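Everything below concerns the one structure shown next.
Since this is a predicted model, take the numbers as computed values, not measurements. As the structure lists them, so they are numbered: ligands from 1, and atoms in each ligand from 1.
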Amino acid sequence: MRQYDFGMTQLNEATFSSHFPVTGNVLGTFPITDSAAVNEAVASARVVSPQWQALGFRGRRKVLLQWSKLLISRIDEISELISQETGKPESDARLEAGLAIGHLAWAARHAEGVLRRQHRAPGLLMANMQATVERSPVGVVGVIGPWNYPIFTPMGSISYALAAGNTVVFKPSEFTPAVGVWISQSFAEIAPFAHILTTVTGLADTGRALCESGVDKLAFTGSTKTARVVAATCAKTMTPVVLECGGKDPVLVEYDANIKLAADATVWSALSNAGQTCIGAERVYVHERVADAFIAEVLAIAKNIHPGDPQHGNYGPATMPKQLDIISGHIKDAIASGGRALLGGADSVKAPYVEPVILVDVPENSTAMREETFGPTLVINRVADMNDAIAKSNASRYGLGASVWSKRHGMKIAAQLQCGMVAINSTISFAAVASVPFGGVKDSGYGRIHGPEGILEFTYPRTVVRARFQLPVVFTSFRRSKFTDKLIVKLVRLLNGYSIG
Ligand code: NAD
């Protein structure tokens with residue numbers, strides 16, 4: 001068992017430890033950063049903010065692409081660390097890190113194009129004006145991350161915020177502080193100067209301190225419950241927030257779907273990473289005509305999937321031990337309310353692991369259908385048609401992602417779903433496409449990371465309207481005449497299609 005020493009803790013300092021979830025062994029010890037130290041980190045980030053902005057798009061692009069190269073060359077090292085702190089297989093960690101690096105490079109290459117000054121039509125009444133919109137970085141961005149994808153998820157905010165010209169202070173999850181520290185230490189190796197990206201480790205109070213620190217924007221990824229607290233804390237200082245929260249993602253399987261592909265991808269989406277994926281499949285609505293075939297295929301695949309340590313399991317343990325009670329509560333409620341377990345059941349929860357659980361015919365009001373389970377469980381319910389599937393999908397308080405399986409009706413079904421992202425004949429594919437925005441609606445949050453929207457999220461628009469020449473008639477003056485007043489009304493009528501009476 002490897003122990004990590006980041007050389008961060010000092011004598012008499014409050015600390016906490018991160019653990020290997022398979023054995024509970026300590027991996028490393030980290031400072032609990034107090035609010036004074038968080039404020040200091042934000043103040044330092046603010047001091048260097050003009051310098052980072054002054055590098056311009058080209059300068060920042062160079063730095064960020066250099067960082068992405070460094071991350072590629074160290075991918076084995078970071079994958080091992082992710083695997084140790086989360087318990088997930090190293091190959092999954094490598095995929096996660098690879099995707100994060102892809103987003104970093106995309107943001108670096110596209111920030112200039114996305115944020116280029118735009119010219120807007122001034123309208124005939126203001127034809128003498130040149131109307132432009134510039135985008136300015138917000139300044140210092142606070143990022144608070146979860147543990148389930150400890151590099152992919154926070155980097156979705158960090159990369160896009162940095163590329164847009166902001167400096168960043170990052171508070172990783174208390175379950176994955178080593179990955180969080182590794183991220184900023186790797187950046188420091190290529191950074192042109194200090195404090196562009198700083199990691200502050202700690203528990204909930206450190207997160208709260210970051211919300212109260214006066215950052216110019218706070219990007220939070222985590223549970224809906226914490227998101228409400230974060231939004232309320234940030235409201236006190238009018239700090240704008242991006243909230244990337246939980247989900248209860250549905251899978252809709254139409255009668256014309258490729259059942260083998262749909263079942264294979266859905267099992268992976270539900271069970272990989274021990275089901276700890278915000279955009280993972282949690283509930284399936286399958287057309288009754290193909291339901292038996294789909295369920296049979298799912299069971300045939302899922303019965304050969306088993307959890308274990310990073311070297312042996314198809315997926316790892318529950319990273320957060322207290323999640324096990326929620327998972328077993330949902331399984332019990334599904335069965336007590338009339339659902340049937342076709343694979344596993346409540347006794348599949350064997351700390352620290354959960355064996356795959358496949359449930360069918362679970363009433364929609366069961367907690368297993370309403371709340372995020374965040375475990376390797378999947379509920380499959382039959383529906384009469386896709387209208388029924390769409391209505392049930394939309395009845396959730398969550399609206400993060402969805403997956404649709406149909407050869408001919410995918411786009412039509414997708415257009416009716418109340419959620420931020422839909423994958424058709426694929427699963428969670430939208431997270432890997434850097435050019436599209438990522439985020440949810442309803443209790444799944446608001447704001448977007450990834451894509452042009454993810455770059456814009458960390459900027460604000462500044463409108464600049466310049467008089468190219470002066471008109472003989474002046475509207476914005478106390479010297480405005482009666483003639484001008486009449487002219488304004490006439491012009492407004494004319495320009496808006498009314499006849500001049
Ligand atoms: P969590 O809400 O428990 O914690 C998230 C972060 O918030 C941690 O760093 C934590 O220390 C911090 N925090 C806790 N209390 C705080 C407070 N009062 N003020 C400020 N910060 C505080 O979530 P988690 O268990 O780490 O992550 C799992 C959740 O994240 C799941 O619900 C999952 O669906 C969601 N998630 C969403 C996305 C997405 O992009 N939508 C991605 C990954 C995970």
If you draw the axis of the six-membered ring of Phe374, does the NZ or CZ of Lys248 fall within 45° of it and under 6.0 Å from the ring centre?
-> no
Of all the atoms in ligand 1, which lie at a distance below 4.0 Å from a heavy atom belonging to Ser173?
-> 9 (O)
Please say whether Leu400 places an N or O atom under 3.5 Å from an N or O atom belonging to ligand 1.
-> no
Shortest protein heavy-atom distance from atom 33 (C) of ligand 1, along with the residue and atom involved | Phe374 CZ, 3.4 Å
To atom 2 (O) of ligand 1, the nearest of Ser223, Gly445, Gly247, Gly207 on a heavy-atom basis is Ser223
Which ligand 1 atoms are under 4.0 Å away from a heavy-atom of Val229?
-> 18 (N)
Please work out whether the ring planes of Tyr149 and Phe152 are parallel, tilted or perpendicular, with thresholds of 30° and 60°.
-> perpendicular
Any donor-acceptor N or O pair under 3.5 Å, side chains Thr224, Asp443 | no
So is Tyr149 in contact with ligand 1, going by heavy-atom distances below 4.0 Å?
-> no
Going by an N to O cut-off under 4.0 Å, is there a salt bridge joining Arg94 and Glu90?
-> yes
Using distance alone, decide if ligand 1 has a nitrogen or oxygen within less than 3.5 Å of any nitrogen or oxygen in Lys171.
-> yes
Should the pair Arg370-Glu364 be classified as a salt bridge under the 4.0 Å nitrogen-to-oxygen rule?
-> no
How far is atom 22 (C) of ligand 1 from its nearest protein heavy atom, and which residue and atom name does that atom have?
-> Thr226 CG2, 3.6 Å
Any side-chain heavy atom of Phe16 sitting closer than 4.5 Å to one from Thr29?
-> no
Which residue holds the protein heavy atom closest to atom 40 (O) of ligand 1, what is that atom called, and what is the gap in Å?
-> Phe438 CE2, 3.1 Å
Report yes or no: do Ser18 and Glu85 form a side-chain donor-acceptor pair below 3.5 Å?
-> yes
Examine ligand 1 and decide if any of its atoms is less than 4.0 Å from a heavy atom belonging to Gly145.
-> yes
Has Pro172 got any heavy atom lying under 4.0 angstrom from an atom of ligand 1?
-> yes
Option set Cys211, Gly222, Gly180, criterion heavy-atom distance to atom 29 (C) of ligand 1, minimum | Gly222
Do Arg46 and Asp216 come close enough that some side-chain heavy atom pair is under 4.5 Å?
-> yes
Within the 4.0 Å heavy-atom cut-off, what Ile144 brings close to ligand 1 is side chain
In terms of ring plane angle, is the pair Phe187 and Trp67 parallel, tilted or perpendicular, where the classes change at 30° and 60°?
-> perpendicular
Would you say Tyr160 and His103 make side-chain contact, with heavy atoms under 4.5 Å?
-> yes
Can you pull out the closest protein heavy atom to atom 38 (C) of ligand 1? Residue, atom name and distance to 0.1 Å, please.
-> Cys278 SG, 3.1 Å
Specify the protein heavy atom at minimum distance from atom 17 (C) of ligand 1: its residue, its atom name, and the distance to 0.1 Å.
-> Ala204 O, 3.8 Å
Starting from atom 10 (C) of ligand 1, locate the nearest protein heavy atom and write down its residue, its atom name and how far away it is, to 0.1 Å.
-> Glu174 OE1, 3.4 Å
Are Trp147 and Glu174 linked by a side-chain donor-acceptor pair shorter than 3.5 Å?
-> no
Enumerate the atoms of ligand 1 whose separation from the nearest heavy atom of Asn148 is less than 4.0 angstrom.
-> 43 (C), 44 (C)
For atom 25 (O) of ligand 1, the protein heavy atom that lies nearest, with its residue and separation | Trp147 NE1, 2.8 Å
Can you find an N/O atom of Cys245 closer than 3.5 Å to an N/O atom of ligand 1?
-> yes
Ile183 CD1 to Ile151 CD1 distance, which is reported to the nearest 0.5 Å = 4.5 Å
Starting from atom 34 (O) of ligand 1, locate the nearest protein heavy atom and write down its residue, its atom name and how far away it is, to 0.1 Å.
-> Glu372 OE2, 2.6 Å
In ligand 1, which numbered atoms sit nearer than 4.0 Å to a non-hydrogen atom of Gly246?
-> 32 (O), 34 (O)
Would you say the side-chain atoms of His330 and Thr373 include a donor-acceptor pair closer than 3.5 Å?
-> yes
